[in-house]
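Here the structure is laid out as structure tokens; the discussion comes afterwards.
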Amino acid sequence: MRIDVITLFPEFVETCAGIGVVGRAQERGLLQVQAWNPRDYATDAYRRVDERPFGGGPGMVMLIDPLRDALVAARAAATEPAKTIYLSPQGTRLTQEKVAEFAQRDRMILLCGRYEGVDERLLEHEADEEISIGDYVLSGGELAAAVLIDAIGRLQEGALNDAQSAQQDSFSDGLLDCPHYTRPEQHALGPVPTVLTSGDHAAIRRWRRKQALGRTWLRRPELLAQLKLGKEDEKLLIEFQQDTKI
Ligand code: 4G3
């Protein structure tokens, strides 16, 4: 997969995409990330990329032309067509389901705004989707793009090793993850739940499922409301609810 990013901070995005699982995915040739700076496409003597908003008010708005020329250059860097995604607080909320869908694509272009955002006419003509990573405001779209690249990059076939399998991820089945423990078995902060050291793999699987269901019920009831639980899950959740009442 190839991701082109239109950003005033290409080093930031390239650094983020060079670290950890996503960096390794790039080294393994599973993912290619390239940043394009609209300032390189500014034509005036000051290399302006922003201007004051029509109608007045605070802040600046990103100019159409440097962004459009950067987009044209990014699109021309590969033959496959690419959807252009604008990261903004006004976008549709990103979900793991949407991430999984993006991860199937061969190519995408991410557009990062700064200041108060981008001239709406550029978005109308050039952006296919507007995505938000959550209900908060960042000083630029770069962190949102880095989030998207990370979430997509780790889903590329071969990016995760077996131990990190994406099948075990939170949200992959609509539930939060269960708690995890490692050595030592006894610690001043408390013991490890005995079932995890019992060697009874069926009991361990049941316990983890019960914890995942219970935590989702406690912390994110709206996620649970979206699911149709099976008989066994219903039973495990009721057990958890009874355990928490004591
Ligand atoms: C466009 C994305 C971009 C308009 C970007 C601000 C938060 C998100 C920006 C705008 C961003 C997000 C740059 N902040 N929640 N800041 O995905 O008002």
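Order of listing sets the numbers, starting from 1, for every ligand and every atom in it.
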- Salt bridge flag under 4.0 Å for residues R209 and D233: yes

- Cluster overlap L148 with L30, hydrophobic side-chain contacts below 4.5 Å: no

- Query: Using a threshold of 4.0 angstrom between heavy atoms of the protein and any atom of ligand 1, which residues qualify?
  - Reply: Y86, L87, S88, P89, Q90, G113, E116, G117, S132, I133, G134, Y136, V137, L138, G140, G141, A144

- Query: Going through the checks in order, is the side chain to side chain contact (heavy atoms under 4.5 Å, CB included) test met by F12 and E14?
  - Reply: CA-CA 6 Å; F12 175 80; E14 280 165 357; over 6 Å; no

- Task: Salt-bridge test for R208 and D177: reply yes if a basic N is under 4.0 Å from a carboxylate O, no otherwise.
- Result: no

- Side chains of R75 and T84: donor-acceptor distance under 3.5 Å anywhere? yes

- Message: Using the side-chain hydrogen bond (donor to acceptor under 3.5 Å, both in side chains) criterion, which residues pair with E222? Sequence neighbours excluded.
- Response: R220

